[in-house]
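Quick caveat, the model's predicted, so the values are computed rather than measured.
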Amino acid sequence: MQPAAPVPVVIDREKTCPLLLRVFPKHGAHHHLEEFAERGKEPKEEVQVYTWMDATLRELTELIQEVQPAARRQQARLEFALIYPDRRGRNVLREVGQTSATRRGPDDEKTLRDLNFQTGDFMDVAIL
């Protein structure tokens, strides 16, 4: 017998306060972890997004495309990673999914909740 699939939590975006997601897009590759070593001295190319835990990688892709022309190219691919401190306080980068500028893919519907995002984590996005 297989366990039942988890029931998705529905968020009422009219009644639920959004959270601040700090997104760091970069052309060609992810940022180096050293660039996040000191709070307040993160990379300059930051996009601040107010969103909810049910936001999908497709939604984030569309928001990034509004401010990053390279992400609008037909062949553009966006690779998402979370940056957060481990138990010892050192930052780690965990790749969580990728989307395409023009084609739908298996990671498009992953939500921040699915990715175990926690308030305070950074989202690093490599635009390839």
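Glu95 has no carboxylate O lying under 4.0 Å from a charged side-chain N of Lys110, or vice versa, which leaves the two without a salt bridge.
Residues meeting the side-chain contact (heavy atoms from CB on, under 4.5 Å) test with Asp108, sequence neighbours left out: Arg58, Thr99, Arg104. Pro85 meets the side-chain contact (heavy atoms from CB on, under 4.5 Å) test with Asn91; sequence neighbours excluded. Judged as a side-chain contact (heavy atoms from CB on, under 4.5 Å), and not counting sequence neighbours, the contacts of Arg88 are Asp86, Arg90. Taking Glu109 as the reference, nothing meets the salt bridge (Lys or Arg N to Asp or Glu O under 4.0 Å) condition, with sequence neighbours excluded. When the side-chain contact (heavy atoms from CB on, under 4.5 Å) test is applied to Arg77, the partners found at least two apart in sequence or on another chain are Glu79, Gln98, Leu128.
Between atom OH of residue Tyr50 and atom CG of residue Leu63 there is a gap of 13.5 Å, rounded to the nearest 0.5 Å. Atom OG1 in Thr51 sits 5.0 Å away from atom CZ in Arg13 (nearest 0.5 Å). To the nearest 0.5 Å, atoms OG1 (Thr102) and CZ (Arg72) are separated by 14.5 Å. One distance of note links CD of Gln118 with CZ of Arg113; it measures 12.0 Å at 0.5 Å rounding. Residue Ile127 holds its CD1 atom at 6.5 Å from CD1 of Ile64, rounded to the nearest 0.5 Å.
A side-chain donor-acceptor contact under 3.5 Å links Trp52 to the backbone of Thr16. With hydrogens and angles disregarded, no donor-acceptor distance shorter than 3.5 Å links the side chain of Gln68 to the backbone of Gln65. Remark: side-chain polar atoms of Glu59 are paired, donor with acceptor, to backbone N or O of Thr56 under 3.5 angstrom. Listed for the Arg73 side chain is a donor-acceptor partner under 3.5 Å among the backbone atoms of Ala70.
For the residue pair Ala71 and Ala76, the shortest heavy atom distance occurs at O-CB, 3.7 Å. Between His30 and Ala81, the closest heavy-atom pair is CE1-CB, 3.6 Å. Taking each heavy atom of Ala101 and Gln74 in turn, the nearest pair found is CB-O, 4.4 Å.
Each of Leu112, Val47, Val125, Leu78 was scored for a side chain to side chain contact (heavy atoms under 4.5 Å, CB included) with Leu60, with one residue passing: Leu112. Tested against Glu46 for a salt bridge (Lys or Arg N to Asp or Glu O under 4.0 Å), the candidates Lys41, Lys26, Arg22 yield a single pass: Arg22.
Heavy atoms from other residues, nucleotides or ligands lying under 6.0 Å from NE2 of His27 number more than 12.
Apart from Leu93 itself, the hydrophobic cluster it occupies contains Phe24, Leu33, Phe36, Ile83, Phe122, where clustering links Ile, Leu, Val, Met, Phe, Trp and Tyr at side-chain heavy-atom distances under 4.5 Å.
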Could you go through the side-chain contact (heavy atoms from CB on, under 4.5 Å) check for Val23 and Gln48 one step at a time? CA-CA 6 Å; Val23 180; Gln48 294 187 350; over 6 Å; no
Step by step, work out the side-chain hydrogen bond (donor to acceptor under 3.5 Å, both in side chains) result for Glu42 and His31. CA-CA 10 Å; Glu42 293 85 10; His31 289 90; over 6 Å; no
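Counting heavy atoms from C-beta on, the side chains of Phe117 and Leu21 come closer than 4.5 Å.
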